[in-house]
Structures are given as structure tokens and as C-alpha cells.
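Just so it is clear, the values below take in all heavy atoms, side chains as well, and ignore hydrogens, waters and symmetry mates.
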Amino acid sequence: MLFGKKKPAGMDIKSLRALDKKPVKYVTERDSETFREIKLGEAGAINVGDSEFTIVCGGVNVIRCTLNEVSAAELMNKSGLTVKGYDLDSGRQKSIIAYYSDGIVRADAGRK
């Protein structure tokens with residue numbers, strides 16, 4: 001290669017584990033037919049266990065993948081990350097964007 005080693009595509013498992021318990025403001029998925037963003041949830045967190053990578057919003061799994069098979073990369077502006085993988089709950093491939101929260105996520109975020 002001309003410029004040395006090629007960087008791996010995405011985060012390694014150590015970097016994914018560093019995201020454990022990171023608060024998430026909201027999560028979206030792009031509809032492949034309409035190309036519109038669909039909001040999947042808000043006020044959540046990233047959970048990284050021994051073998052699974054999960055993003056939970058409002059007590060519901062938005063995406064739950066096997067840790068060894070998930071692909072994730074931070075957005076260029078570091079405001080969130082893209083996650084691609086086979087969702088164990090829905091039984092299909094998903095590609096989502098999770099935007100980090102800048103503070104503590106409250107369970108009653110939608111109430112006034």
C-alpha cells in the first residue's frame with residue numbers, strides 16, 4: 001500500500017466498551033424506500049455487555065446486536081455514532097444513528 005496500513009472500518013471492541021452507559025439524546029433510522037429519517041426513540045443509553053451491544057430508549061431496545069458482529073463508527077463531528085448490525089429483536093439488518101446527550105437522561109424526559 002502506498003501510505004502504510006489501512007485503518008479498520010469502525011470501532012474495535014475496546015472502543016465500543018468505552019461507550020457503555022453513555023447517554024443518548026435520540027436515535028434515528030433512514031427508511032430505504034423514502035430516504036426519510038425515522039425517530040426510533042429518545043432519552044436512552046448505550047449498554048455494552050459481555051457479548052451484546054444494545055441501545056435502549058424509554059425502556060425499549062432500539063437495537064440489540066452481538067458485540068463481535070456489530071459495526072459502529074463515530075460521526076465526524078463527534079455528536080453521535082452510526083451502528084450497523086443484525087438486530088436480534090427484530091430479526092433484520094439495521095443501520096441507525098444515535099446522537100449523544102450532553103447531560104443526564106431522565107426517565108420522564110417527555111413529561112411536562
Under 3.5 Å donor-acceptor, [X] side chain and [Y] backbone:
X: Asn61; Y: Arg64; value: no
X: Asp20; Y: Val48; value: yes
X: Arg30; Y: Arg36; value: no
X: Tyr26; Y: Tyr99; value: no
X: Asn47; Y: Thr54; value: no

Axial cation check for Tyr100 ring with Lys25, 6.0 Å and 45° limits =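 No, cation not above the ring by the 6.0 Å, 45° rule.
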Greater than 12 external heavy atoms within 6.0 Å of Lys94's NZ =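 Count over threshold, so yes.
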How far apart are the closest heavy atoms of [X] and [Y], and which atoms are they?
X: Asp50; Y: Leu67; value: O-CD2, 3.9 Å
X: Val83; Y: Val70; value: CG1-CG2, 3.5 Å
X: Ser95; Y: Glu29; value: O-CG, 3.5 Å
X: Cys65; Y: Leu88; value: C-CD1, 4.2 Å
X: Phe53; Y: Leu16; value: CE1-CD2, 4.0 Å

Indicate yes or no: at least one non-hydrogen side-chain atom of Ile46 is less than 4.5 angstrom from one of Val24.
->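 Yes, at least one pair of side-chain atoms sits under 4.5 Å.
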Can Glu52 and Arg17 be counted as an ion pair, charged N to O under 4.0 angstrom?
->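 Looking at Glu52 and Arg17, the cut-off is not met.
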If two hydrophobic side chains count as joined below 4.5 Å and joins carry through other members, does Ile38 share a cluster with Val60?
->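 No, Ile38 and Val60 fall in different hydrophobic clusters.
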